Amino acid sequence: MLFSARNDFNTHLNHIRTYISLKSTFSRQNSPKPISTAKPILSQDNLFHPLSKSPFEDLRHRYKQICVYGSCPVCLSQDNEVKNKPKYECPDCGYPTHCSLEHYLQDKEKHKNLGTCSMLKQSNEDEHDLRSGRTMIELDFPSSQPLDEQVNMLNWDLYFYTRGFPSMDNDRSVRHVSKLLTYPITIASILHEYGPYTIKNRLTDEGLKSLTALRTILYPKVISHDIKSQNPKEIIRIFVLGARAESLLPLHIYSQLSYLFPFTYFHIYFIGPESLPSINNTSHKHTNYAPQLSFTWSTTFYHDYHDSLTPFDPYTDVFFLFSPGISQTNTWHDTMIKLLQTKCAIFITGFDQEDLHSEVNAIEEKSEKGEYELDWLLRPGENVFKSMKREIDLKDVRVGVWANWGIFGIRGKKYDVVHEDDR
Ligand SMILES: [Zn+2]
Ligand SMILES: [Zn+2]
């Protein structure tokens with residue numbers, strides 16, 4: 001009994017994992033910039049619409065999806081065999097939350113008091129705002145940082161302010177922008193010398209060792225005069241495993257990582273069957289996007305791709321796994337063994353507290369059994385640069401998660417590595 005409940009829970013989590021999607025924001029990004037004189041389809045005081053009556057087809061489609069895949073919380077809580085699908089739309093949040101007016105009224109107090117209604121209303125207005133046709137100046141990201149101006153990486157607000165982001169003075173803009181930037185800026189916040197994680201704040205001694213190794217390359221003592229060199233001596237390789245939404249982001253979003261390290265060459269690898277370049281659909285793709293930033297996409301499973309990436313070097317190589325679902329399937333096992341053998345730092349995120357805990361538990365279990373030999377680099381906890389926008393679970397609209405809500409870091413044990421260059 002316990003086991004099957006656990007399985008249901010897993011299926012549920014997997015569903016959410018694939019649901020963290022960037023489609024809506026992303027398609028806006030790809031469409032030609034709206035001409036500023038064009039009249040928005042929706043004005044700012046007209047962003048709330050019941051999903052079934054939304055002026056946008058994809059949001060009406062979302063209503064239909066919830067009607068098919070969703071659940072009525074009152075029906076769920078009853079012993080009845082019949083579980084009706086939600087089709088009654090709450091007038092205050094515009095989401096189909098219950099199967100009938102009767103069940104809605106029965107549950108209305110919970111729906112309001114537990115924060116579900118306000119979360120869904122915010123999501124409703126955010127989604128309509130994204131499609132409203134207004135000029136989204138907050139998506140006009142700043143370019144490179146003047147060398148004499150220090151960036152503060154302690155939180156989103158300070159980051160936006162010190163990087164000179166335009167018009168980030170309201171929470172909605174922060175939600176839109178953080179959803180896009182959570183991937184590159186989570187990476188940057190770990191690597192950056194003024195990032196939020198220190199020995200006093202979740203970073204372990206081993207973690208500091210790993211980051212110090214990487215930072216000797218990220219912050220070179222001698223800066224080459226020709227920084228745009230065609231043949232850089234050292235390249236920081238960032239491997240994003242099991243990549244999904246993050247591989248589809250417009251590439252300029254990743255420039256925001258690059259701008260924070262003006263003397264560094266980055267090569268970002270998106271690896272995994274769902275890692276699709278925004279350029280086209282070939283199975284293997286490479287691009288030199290900017291002089292200091294290149295990308296490779298591979299739809300190969302990581303454990304089959306690993307050997308072509310050797311040798312690994314903890315001074316230049318780092319792994320990021322965004323909400324990988326390690327605890328959900330056994331398919332990660334071989335990959336984890338290979339990653340730990342590299343002795344490179346590995347950072348893993350989860351989309352809420354529960355998800356993060358199950359990832360940590362899965363790793364600790366294997367570690368206690370002696371299957372994984374690892375050191376902790378960053379203790380599990382909330383990610384300062386999580387997405388501030390909640391993603392609503394269409395199977396149960398009471399659940400809203402954040403991309404990269406939490407983060408932790410590990411590394412294969414026995415830290416006796418030598419930088420490739422010194423061999
Ligand atoms: Zn019901
Ligand atoms: Zn409501």
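All figures in this text were calculated on a predicted structure; none of them were measured in a lab. Every number for a ligand or one of its atoms is a count from 1 in the order of the listing.
- The Zn ion (ligand 1) sits nearest to atom ND1 when only the N, O or S atoms of His103 are considered.
- Take the Zn ion (ligand 1) as the corner point: the lines to SG of Cys99 and to SG of Cys75 open at 110°, to the nearest 10 degrees.
- The angle subtended at the Zn ion (ligand 2) by NE2 of His111 and SG of Cys117 is 100°, given to the nearest 10°.
- Ring geometry, Phe261 versus Phe266: the interplanar angle exceeds 60°, so the pair is classed perpendicular (tilted spans 30 to 60°).
- Between Tyr269 and Phe239, the two ring planes are tilted [angle within 30° to 60°].
- Stacking of Arg62 on the aromatic ring of Phe56 is not recorded, the 6.0 Å distance cut-off and the 45° axial limit not both being met.
- Ser294 and His286 share no side-chain donor-acceptor pair at under 3.5 Å.
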